[in-house]
> 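Before I ask anything, here is the structure I am working with.
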2 protein chains.
Amino acid sequence: MSHRHQTVLAASFEPVRGQRLSTMIVEQLQSAIFSGAIAEGSRLPPERELMARFEASRASVQEAVHILERTGLVVIRRGAAGGAFVTRPDFLKIGSMLKLMLQANRFALGELYEARLLIEPGGAEIAARLATTEDISNLRATIQFHREIPADMPSPIGRNFHYLLACITANPLISMLVSSLLGVAQAYRLQQPLATRSERLLAHEQITDAMEARDGVLARQILETHLRCLLRQAQQS
Amino acid sequence: MSHRHQTVLAASFEPVRGQRLSTMIVEQLQSAIFSGAIAEGSRLPPERELMARFEASRASVQEAVHILERTGLVVIRRGAAGGAFVTRPDFLKIGSMLKLMLQANRFALGELYEARLLIEPGGAEIAARLATTEDISNLRATIQFHREIPADMPSPIGRNFHYLLACITANPLISMLVSSLLGVAQAYRLQQPLATRSERLLAHEQITDAMEARDGVLARQILETHLRCLLRQAQQS
DNA sequence: TCCGTCTAAATGTCAGACATTTGGTAGGTA
DNA sequence: TACCTACCAAATGTCTGACATTTAGACGGA
C-alpha cells in the first residue's frame with residue numbers, strides 16, 4: 001500500500017480525483033431538486049438517512065445541506081418535525097448574494113450605471129404597458145415615503161422606486177437582476193450620493209406620470225436620461 | 001435549568017437566538033476580507049488556529065471556510081503549504097452561481113428572452129464602439145467553430161457568440177449578467193432549440209459585419225430583431 | 001377546554017482520531 | 001555539482017460517537 005506511486009501503467013489515465021464529499025452530495029441533491037424528484041415543499045430525508053444513502057459521515061452530509069440552505073434551495077427547521085424543506089430561493093435573497101459577490105470585485109461605479117442603463121429603461125417601457133392603477137399608486141406612495149424619511153436613512157428594497165418599477169414588468173428575472181444591481185448600488189451610494197434628493201424625486205415623479213399616461217416610450221426616455229446623467233457624473237469622479 | 005421557559009421578564013426582548021456557528025464565522029471572515037484586513041492573496045490562519053480564535057470546533061470552522069470557498073472568496077489548497085488563500089471571485093463563477101439560482105425558479109422561456117432582449121442589444125451597441133480588430137476576428141472564429149462542430153454538442157461558454165459579444169463591452173457586470181442568462185438558456189435549449197442553426201449563424205454574421213463597420217445601431221437592431229423573433233416563438237409554444 | 005409536562009425526532013456542536021495531500025529537506029549517487 | 005529518492009511535517013479531508021438544543025405532538029390533570 002505504500003508504493004501507490006509505482007502504478008503499473010494504468011489502463012485509464014483519468015485522475016478522477018474525487019472532489020470534496022460535501023460538494024458531490026450538494027450536486028446530487030441539487031439535481032434531484034431541479035429535476036423535481038424532490039418536490040417543492042417536501043422534506044429531504046433526515047441526516048441520518050442521507051448518511052446511509054451517500055455512505056458518508058454526518059459532517060459531510062450536514063455541510064452539504066447547509067450549503068443548500070445558503071444557496072436558498074432549502075430551509076432547515078430544527079426540532080421534532082424539522083428537517084430540510086425544499087423551497088424556492090426568493091429573488092431578494094439571490095440579489096443579496098449577488099451583491100455580496102459583486103462587492104468582492106470592486107467595480108467602477110460607472111460600470112454599474114452602464115449596466116443599469118441597459119436594463120431599466122427597457123424595463124420601464126414594458127412596465128408602462130402592464131401597470132395597473134394599483135401599481136401606479138404604489139409608486140406614488142413610495143415617492144411620498146422617500147420625501148418624508150430622513151435622507152441618511154437607507155430605505156428597504158421594497159420601498160425602492162426602481163425595484164418596484166422592475167416588479168411591474170411581471171418578469172421575475174428582470175426584478176431579480178434589477179434588485180441585484182440596486183443592492184450593489186446601495187453599497188456604493190453610502191459613500192457618495194450622486195444625485196440630489198430633489199433631482200431623484202423629480203425624475204421618479206415624471207416617470208410615474210408617463211406611466212399613468214401609458215406612454216412607455218416617454219417613461220423610458222426619462223429614465224434613460226436620468227441614469228445617463230448619473231453615469232456621466234460617475235465617470236468624472 | 002429545566003425551567004428555562006419561565007423566564008422572569010427579561011429586560012431585553014431581543015431573542016438574539018444565535019445563528020449557526022459556521023454562519024457567524026463566515027460573516028466575520030467575510031467582513032475581514034472585505035475590509036482588507038486580510039489582503040488578497042494572503043492566507044487565512046490554519047483551521048486549528050481559527051478554532052482557538054473563534055472558540056469553535058473544527059467542524060464549524062471548516063464548514064465556514066468551505067462556504068467561503070464556494071462563494072469564491074478563497075481557494076483552498078491541501079498539503080504542506082496549503083490553506084485558504086483570499087482570492088477574488090471571477091465573474092464566470094459568480095455568473096454560474098447566479099445561473100444556479102435563476103434555474104431554481106422555473107421561468108417561462110419567454111421571460112428569459114425578454115430579459116435578454118433588454119440587455120444584449122444595448123450591449124452590442126456598446127461593443128461595436130469598443131471592438132478591436134482582434135475582437136472581430138475572435139467573433140468570426142467562433143462562428144466558424146460553430147459551423148463545424150456537430151449540432152448536438154453543447155459548446156463551452158467561451159465559444160458562445162453572445163457571451164463574447166458581452167465581453168467586448170469591457171464591463172464585467174454586463175458579461176456576468178449575460179453569461180448567467182445564457183447558462184439558464186442552455187438548460188432550456190436542450191429541450192427544444194428554437195432557432196435553426198443556419199438562422200442563428202446568419203444573424204451572428206450580420207452582427208459581426210455591422211460591428212466591423214462600426215455601426216452600433218445596426219448591430220443592435222439585428223440582435224434585437226433576432227431575439228424578438230425567438231421571443232415570439234417561445235410565447236407561442 | 002385549557003394548561004403544563006413529557007417524549008421523541010430532528011438538527012447543532014464538539015472532541016479526538018485517522019487518512020490524504022503536498023511542499024520541503026536531507027541524504028545518497030552519478 | 002546536479003539529480004533523484006525517501007522521509008517528514010503541515011495542512012486539509014473524513015469518520016465516529018457522543019452530548020446539547022430545539023420543537024411538534026401526545027398525554028393528562030385542573
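Labels below follow one simple rule: chain letters A, B, ... track the order of the sequence lines, proteins then strands, and each chain is numbered from 1.
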> Tell me the interatomic distance from B:E55, atom CD, to C:dT13, atom P, rounded to whole angstroms.
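Rounded to whole Å, this separation is 15 Å.
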
> Could you state the atom-to-atom distance from CD of B:E47 to P of D:dA11 in whole Å?
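From B:E47 CD to D:dA11 P: 10 Å.
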
> What is the distance from CD of B:E63 to P of C:dT13, rounded to the nearest Å?
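Distance, rounded to whole Å: 8 Å.
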
> Round to the nearest Å and state the distance from B:Q62 atom CD to C:dC14 atom C1'.
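Between C1' of C:dC14 and CD of B:Q62: 14 Å.
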
> Please examine the side chains of A:R116 and A:H162, heavy atoms only from C-beta on, and report whether any two atoms are closer than 4.5 Å.
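They are in contact (side-chain heavy atoms under 4.5 Å apart), so the answer is yes.
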
> If you check every side-chain atom of B:R58, which of C:dG12, C:dC14, C:dA17 has the closest atom?
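Between C:dG12, C:dC14, C:dA17, the one nearest the side chain of B:R58 would be C:dA17.
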
> Does atom CZ of B:R88 have more than 12 heavy-atom neighbours from other groups under 6.0 Å away?
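12 or below, so no.
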
> Taking side chain as C-beta onward, heavy atoms only, is A:R200 less than 4.5 Å from A:F161?
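The answer is no, as the side chains (C-beta and beyond) never meet within the 4.5 Å cut-off.
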
> Under 4.0 Å between a side-chain N/O of A:S60 and OP1 or OP2 of D:dG13, yes or no?
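False: A:S60 side-chain N/O out of range (4.0 Å or more) of D:dG13 OP1/OP2.
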
> Can you list the residues that meet the side-chain contact (heavy atoms from CB on, under 4.5 Å) rule with A:Q144, with sequence neighbours excluded?
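side-chain contact (heavy atoms from CB on, under 4.5 Å) list for A:Q144, sorted by chain: A:R147, A:E148.
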
> Given atom CZ of A:R77 and atom P of C:dG12, what is their separation to the nearest angstrom?
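For the pair A:R77 CZ and C:dG12 P, the rounded distance is 13 Å.
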
> What pairs with B:Q62 under side chain to side chain donor-acceptor pair (under 3.5 Å), at least two apart in sequence or on another chain?
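For B:Q62, the residues satisfying side chain to side chain donor-acceptor pair (under 3.5 Å) (neighbours in sequence not counted) are B:E47.
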
> Checking contacts here: which listed nucleotide (C:dT13, D:dA20, D:dG13) is nearest the side-chain heavy atoms of A:R78?
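Looking only at heavy atoms from C-beta outward on A:R78, the closest nucleotide is D:dA20.
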
> C:dA10 P sits how many Å from A:H66 NE2, rounded?
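Atom-to-atom, A:H66 to C:dA10, this comes out as 15 Å.
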
> Rounding to a whole Å, what distance do you find between A:M51:CE and D:dA18:C1'?
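One finds 13 Å between C1' of D:dA18 and CE of A:M51, rounded.
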
> Think B:R20 has a side-chain N or O under 4.0 angstrom from the OP1 or OP2 of C:dG12?
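So the side chain of B:R20 is within the cut-off, an N or O lying under 4.0 Å from OP1 or OP2 of C:dG12.
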
> Going through the distances and angles, do A:E120 and A:L165 end up as a side-chain contact (heavy atoms from CB on, under 4.5 Å)?
CA-CA 9 Å; A:E120 296 191 34; A:L165 201 56; 5.8 Å; no

> If I take atom CZ in residue A:F85 and atom C1' in nucleotide C:dA9, what distance separates them, rounded to the nearest angstrom?
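About 12 Å, once rounded to whole Å.
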
> Does B:E63 use its side chain to pair, donor to acceptor, with the backbone of B:S22 at less than 3.5 Å?
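Between the backbone of B:S22 and the side chain of B:E63 there is no qualifying donor-acceptor contact (under 3.5 Å).
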
> Please produce a list of atom pairs where a protein N or O lies less than 3.5 Å from an N or O of nucleotides 24-26 of chain C.
none

